[in-house]
Amino acid sequence: MSPTTKTARRLAALAGAVSLAALASACTTVGPDFQAPEALRTNAYVGKDEALPAMAGLDRTGVGPWWRALGSPELDAVIRQALTDNPSLAQADATLAGAQSALAVARGQAGPQASANAGIDRERANLQAFGFTGFGDIKLSNPTFSLYSVGAGVGYDLDLWGGNKRRIEGATARVEAEGRRAEAAYLSLTANIALQAATIAALQAQIASVEQMIADDEANIELVRKADALGGATRLAGVSAQVQLEQDRALLPDLHGELAAARHALAVLVGKAPADWAPPAFTLDTLKLSAPVPVVLPSTLVRRRPDILAAEAELHAATADIGVATADLYPNLKLSASLTQGALKPGDLFSYDASGWDVGAGLTAPLFNGGALKARREQARAAARVASARYQQTVLTAFGQVADALAALSADEAALEAQGRVERQAGERLRLARLAFDRGGGTMLEVIDAQRTLNAARQSRARIEGRKLADAVRLFAATGADWRTA
């Protein structure tokens, strides 16, 4: 058997001894074991005196991305592009990757550690430093030589109190937390894109409504001109009709400005500069819910919303940190073994006479640190209480957001129903006012007033329809709807 093979076997035997000792060690894991918080004890989102919206239905699972319920292929395409190009998602993914690497570090540090070394040194020995000056008249000269060495070492922390286990547990929980935050970022992005699309659609409807109002105003002016030609209209009627026209025209600049801002915001969400990307022409006709908005049970919400799950994972990590700080209060035992081959000539490097080895165990225990270790454990306990309170607040906030979205949708439905009645009555009033004016039994002021009422009703309906669509999107997001593309 060659000297190299013998050396390798010696090193393998030493590593095996350390590993067997590690496996044989009976360790205790100190610190509290994590238990998932109890769900909020409520079976409803809104009070008994509050009505649920008609468009809110039972949760539908396994139907793919939530925004497909809006029935817009254009929205699907925009969201797919944003999921690829949005920088905030890249940031979330990179943060998650960092947490995963931290977990790999914790796992690696908890296992056996092995290292190898090799070196060559050129030395000149100082014999006089050791009292060797010569023999009689013969003086010794300091020799110069080369020293060749190779070696390896193995070490293992027995982790008697489970501190390393708790570190791995905490790192695993933080990976979970970052993963949930990434999901929350994706859900937030898709919801914000849909909200901007709804805003664009609502503004388009309002602009169309104002343009119709302007067309009606111009028709009223034409009526005045005809009546004036027949001697049946006053100058006041003509001025009033012109004033109404100019007032309605003045509504357009602000609406166009809001529309431009919504388009710019959508471009940024997609990950593009506003000058380099134009959104589709979303309208209320192309953005419509094809099915009821799914609402999960309260007990399911806490197991579904990514921000709640992230807060729970953070609480888990904070609980594990208590175990890490507690383990630091107790003695720790580390095993080590090393093998070194050293020789003056390369050919002798792997001979048995050139070998040296050691196997040992080192015990360290804290004796006096000014109470720092106990204070660190109390700090970890306080951090866990903070994480617990943050979790509870996250849950309450989530329930509040769902309740707000449900109440808003219920109000939108009632407002649309009422506004429909107003618009029908205003349309009938305008029809009768124009008929009376044509027959000489009414005034242009009555026609203008009726037109103003109908215009206001149309504007309100467009705003409410857009608001209802936006509130439906908020409900999707509040219930933690699935954002994953099929």
Contact check, side chains of [X] and [Y], non-hydrogen atoms, under 4.5 Å:
{"X": "R429", "Y": "E446", "value": "no"}
{"X": "L187", "Y": "F476", "value": "no"}
{"X": "Q247", "Y": "N455", "value": "no"}
{"X": "R385", "Y": "R381", "value": "yes"}
{"X": "T286", "Y": "L75", "value": "no"}
{"X": "R376", "Y": "L373", "value": "yes"}
{"X": "R434", "Y": "Q451", "value": "yes"}
{"X": "P279", "Y": "I200", "value": "yes"}

With a 3.5 Å cut-off and no angle check, do the side chains of Y186 and D482 form a donor-acceptor pair?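 Y186 vs D482: no donor-acceptor pair found between side chains.
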Calculate, to the nearest 0.5 Å, the distance between atoms [atom1] and [atom2] belonging to [X] and [Y] respectively.
{"X": "Q419", "Y": "I464", "atom1": "CD", "atom2": "CD1", "answer": "4.5 Å"}
{"X": "R181", "Y": "D307", "atom1": "CZ", "atom2": "CG", "answer": "10.5 Å"}
{"X": "I214", "Y": "D248", "atom1": "CD1", "atom2": "CG", "answer": "6.5 Å"}
{"X": "Q196", "Y": "F282", "atom1": "CD", "atom2": "CZ", "answer": "10.5 Å"}
{"X": "L103", "Y": "T172", "atom1": "CG", "atom2": "OG1", "answer": "4.0 Å"}
{"X": "E465", "Y": "Q206", "atom1": "CD", "atom2": "CD", "answer": "10.5 Å"}

[Y] backbone acceptor or donor facing [X] side chain under 3.5 Å:
{"X": "D76", "Y": "R68", "value": "no"}
{"X": "R166", "Y": "V30", "value": "yes"}
{"X": "R377", "Y": "T326", "value": "no"}
{"X": "S209", "Y": "A205", "value": "no"}
{"X": "N86", "Y": "L269", "value": "yes"}
{"X": "S388", "Y": "A384", "value": "no"}
{"X": "W66", "Y": "V473", "value": "no"}
{"X": "R305", "Y": "T479", "value": "no"}
{"X": "Q113", "Y": "G108", "value": "yes"}

Write out all pairs satisfying salt bridge (charged side-chain N to carboxylate O under 4.0 Å, His left out) with one or both partners inside residues 405-415, taking only residues at least two apart or from two chains.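 Sorted result for residues 405-415: D412-R467.
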Identify whether the distance between the nearest side-chain nitrogen and carboxylate oxygen of [X] and [Y] falls below 4.0 Å.
{"X": "D159", "Y": "K165", "result": "no"}
{"X": "D471", "Y": "K468", "result": "no"}
{"X": "E178", "Y": "R174", "result": "no"}
{"X": "R303", "Y": "E312", "result": "yes"}
{"X": "E423", "Y": "R461", "result": "yes"}

Show your reasoning for whether side-chain hydrogen bond (donor to acceptor under 3.5 Å, both in side chains) applies to Q401 and R474. CA-CA 8 Å; Q401 290 174 347; R474 293 187 181 96; over 6 Å; no
Are more than 12 heavy atoms, taken from residues, nucleotides or ligands other than [X], located less than 6.0 Å from that residue's [atom1] atom?
{"X": "E428", "atom1": "CD", "result": "yes"}
{"X": "E246", "atom1": "CD", "result": "yes"}
{"X": "E378", "atom1": "CD", "result": "yes"}

Taking all non-hydrogen atoms of both residues into account, name the closest pair between [X] and [Y] and its distance.
{"X": "I308", "Y": "A398", "value": "CD1-CB, 3.7 Å"}
{"X": "G480", "Y": "P306", "value": "CA-CD, 4.4 Å"}
{"X": "A197", "Y": "L287", "value": "O-CD1, 3.6 Å"}
{"X": "D217", "Y": "L245", "value": "OD2-CA, 3.5 Å"}

Starting from the C-alpha separation in whole Å, work towards a yes-or-no answer on salt bridge (Lys or Arg N to Asp or Glu O under 4.0 Å) for E417 and R421. CA-CA 7 Å; E417 185 178 351; R421 295 192 296 268; 3.6 Å; yes
For a salt bridge (Lys or Arg N to Asp or Glu O under 4.0 Å) check, start with the C-alpha distance between R249 and E211, then their side-chain angles and the critical distance, and finish with the verdict. CA-CA 8 Å; R249 282 176 174 170; E211 290 174 344; over 6 Å; no
Report the relative orientation of the aromatic rings in F34 and H316; use parallel for angles under 30°, tilted for 30 to 60°, perpendicular for over 60°.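 Answer is parallel, since the angle falls under 30°.
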Only counting residues at least two apart or in another chain, list the ones meeting ring pair (Phe, Tyr, Trp, His ring centres under 6.0 Å) with Y45.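 Y45 satisfies ring pair (Phe, Tyr, Trp, His ring centres under 6.0 Å) with F399 only.
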With sequence neighbours left out, which residue pairs that include part of residues 95-110 fulfil the side chain to side chain donor-acceptor pair (under 3.5 Å) condition?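 The answer is none; no pair qualifies.
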